[in-house]
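Side chains included, hydrogens not; waters and symmetry mates left out as well; all remaining heavy atoms used.
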Amino acid sequence: MGWHGSLLLWCAVWGAAALLGFGMSLAGLTKAQRTVRLTGRIERVRAPRHGGSRQGGISVVVSYRDPASGQEVTVTNDGERGEMITAAWEGREIGVSHPRGRPHAYRFSNAPEEPSRGLGRPSCALFLVYVGLVVLAAVDRGWPWALIGSGGPLAVLGAVQLPGAVRARNDRLGRLAAMETVPGRVVAVLKDVSVDQDDGHTTTTITPVVSFTTREGTAVTAHCTSHLPDPAGAYGRDVTVHCTAADPADFTLDRAAEQRSEKWAVTVHVLAVAVLAAVAVAGVVFLRA
């Protein structure tokens with residue numbers, strides 16, 4: 001089988017996968033559609049142990065109401081339980097989900113989740129079909145078509161999403177400007193060591209844990225992975241925390257750095273659209289040459 005046949009097979013396989021996924025979504029049979037999604041509330045936060053591991057996130061006790069029985073259920077996030085809880089306080093609402101009919105297989109997310117149709121994987125398969133078609137066009141009709149096929153649609157997609165990115169940037173800058181400033185303290189430094197099974201290389205991950213209380217009196221415990229100099233030696237250090245009153249999980253130790261990062265994000269988006277558009281134009285120019 002040559003290049004042409006391989007590319008056709010690629011498109012056919014991923015196209016079938018996309019059709020199967022979209023069909024299952026229409027029939028309500030995807031994993032996401034068979035997942036029960038609930039809202040839980042943190043009842044208790046367990047203090048992290050200095051020198052311990054970050055695996056599993058901050059240890060919490062969570063309660064939620066079982067829709068089948070109507071009873072209150074209390075669970076913990078011990079073990080592999082979905083997303084790592086990296087910021088916790090008593091009363092925080094988080095997401096709890098489990099497969100239909102299997103409440104013991106519950107998993108957590110950092111925020112309550114809306115029902116999903118499970119279109120992520122089929123959409124990814126459809127994108128791989130698109131990639132195959134671009135390559136097929138390049139093989140059959142010449143490489144300038146690869147420039148047009150890859151640059152043109154992606155540039156249009158990026159341009160369509162640009163206004164939303166600008167609005168998100170402005171909203172984020174507004175939240176950063178409105179953040180309240182409170183004192184905090186590094187109450188633990190967590191350390192995890194992993195060894196690569198192939199070459200034996202050792203990787204050490206340092207995760208400081210900061211504790212602070214908002215002006216409304218909410219006591220927050222959270223992993224702090226950025227904007228903290230010398231994190232390995234930060235245990236017991238007093239820090240200044242900038243946090244959002246409505247969501248203390250949204251906090252930073254360096255508000256100015258976050259603001260610069262947000263401004264750069266839109267600039268990078270614009271540059272990416274410009275580059276993709278230039279790639280498509282170059283393809284058109286080469287075709288006419």
Problem set entry | Cluster companions of V187 among Ile, Leu, Val, Met, Phe, Trp, Tyr (side-chain spacing under 4.5 Å) | L190, V209
Problem set entry | Closest non-hydrogen atom pair, V186 against A234 | CB-O, 3.2 Å
Seminar exercise, completed: Sorted by chain and number, sequence neighbours left out, side-chain hydrogen bond (donor to acceptor under 3.5 Å, both in side chains) with D238 holds for R185
Exercise. Taking only residues at least two apart or on different chains, which pairs with a member in residues 239-259 satisfy salt bridge (charged side-chain N to carboxylate O under 4.0 Å, His left out)?
Worked result: R172-D250, R172-E258, R175-D250
Exercise. T39 versus Y64: any side-chain heavy-atom pair under 4.5 Å?
Worked result: no
Exercise. Please walk me through it: do V241 and T181 pass side chain to side chain contact (heavy atoms under 4.5 Å, CB included)?
Worked result: CA-CA 6 Å; V241 180; T181 301; over 6 Å; no
For this session: Examine distances only and state if a side-chain atom of S150 and a backbone atom of A146 form a donor-acceptor pair shorter than 3.5 Å.
Result: yes
Problem set entry | Listed once per pair and sorted, the salt bridge (charged side-chain N to carboxylate O under 4.0 Å, His left out) pairs that draw on residues 26-50, sequence neighbours left out | R37-E113, R41-E93, R46-D78
Problem set entry | Sub-4.5 Å side-chain heavy-atom contact between V270 and L162 | yes
Exercise. Does the T213 side chain pair with the main chain of G217, one donor and one acceptor, at a distance under 3.5 Å?
Worked result: no
For this session: Quick one: do R54 and K191 satisfy side chain to side chain contact (heavy atoms under 4.5 Å, CB included)? Show the steps, please.
Result: CA-CA 7 Å; R54 72 193 295 268; K191 181 178 180 180; over 6 Å; no
For this session: Go through the steps for E262 and R169 under the test salt bridge (Lys or Arg N to Asp or Glu O under 4.0 Å), then give the verdict.
Result: CA-CA 6 Å; E262 290 298 325; R169 189 276 307 270; over 6 Å; no
Exercise. Taking only residues two or more places apart in sequence, or in another chain, which ones meet E180 in a side-chain hydrogen bond (donor to acceptor under 3.5 Å, both in side chains)?
Worked result: none
For this session: Could you go through the side chain to side chain contact (heavy atoms under 4.5 Å, CB included) check for Q33 and S25 one step at a time?
Result: CA-CA 8 Å; Q33 290 169 314; S25 177; 3.9 Å; yes
Exercise. Under the side-chain hydrogen bond (donor to acceptor under 3.5 Å, both in side chains) test, which residues partner E83, sequence neighbours left out?
Worked result: N110
Exercise. Judged by atom type as modelled, is there a donor-acceptor pair below 3.5 Å linking the side chain of R92 to the main-chain atoms of V220?
Worked result: no
Seminar exercise, completed: For Y130 and G149 the tightest heavy-atom approach is OH-O, 2.5 Å
For this session: Would you please name every residue forming a side-chain hydrogen bond (donor to acceptor under 3.5 Å, both in side chains) with H269, sequence neighbours left out?
Result: none
For this session: Give every residue pair that meets the ring-ring contact (aromatic ring centres under 6.0 Å, His included) criterion with at least one member in residues 237-258, sequence neighbours excluded.
Result: F212-F251
Exercise. Does some side-chain heavy atom of S109 sit less than 4.5 Å from a side-chain heavy atom of R81?
Worked result: no
For this session: Among residues two or more places apart or on two chains, list those pairs meeting ring-ring contact (aromatic ring centres under 6.0 Å, His included) that have a residue in residues 88-112.
Result: Y106-F108
Exercise. V156: which other cluster members, linking ILVMFWY side chains closer than 4.5 Å, directly or transitively?
Worked result: V160
Exercise. Is the closest side-chain heavy-atom distance between V239 and V210 below 4.5 Å?
Worked result: yes
For this session: Provide the full list of salt bridge (charged side-chain N to carboxylate O under 4.0 Å, His left out) pairs with a residue in residues 123-144, sequence neighbours left out, each pair given once.
Result: none
Exercise. Can you tell if the side chain of P103 reaches within under 4.5 Å of the side chain of V73, non-hydrogen atoms only?
Worked result: no
Problem set entry | CD (E216) with more than 12 external heavy atoms under 6.0 Å | yes
Exercise. Between L133 and C11, is a side chain to side chain contact (heavy atoms under 4.5 Å, CB included) present by the stated rule, with each step listed?
Worked result: CA-CA 7 Å; L133 291 175; C11 294; 4.0 Å; yes
For this session: May I ask you to test the V45-I58 pair for a side-chain heavy-atom distance under 4.5 Å?
Result: yes
Exercise. Can you find a pair of side-chain heavy atoms, one from P99 and one from T35, that are under 4.5 Å apart?
Worked result: no
Exercise. With a cutoff of under 4.5 Å between side-chain heavy atoms, which Ile, Leu, Val, Met, Phe, Trp and Tyr residues group with M179?
Worked result: L173, L176
For this session: Please confirm whether the backbone N or O of G118 pairs with a side-chain atom of S116, one donor and one acceptor, at under 3.5 Å?
Result: yes
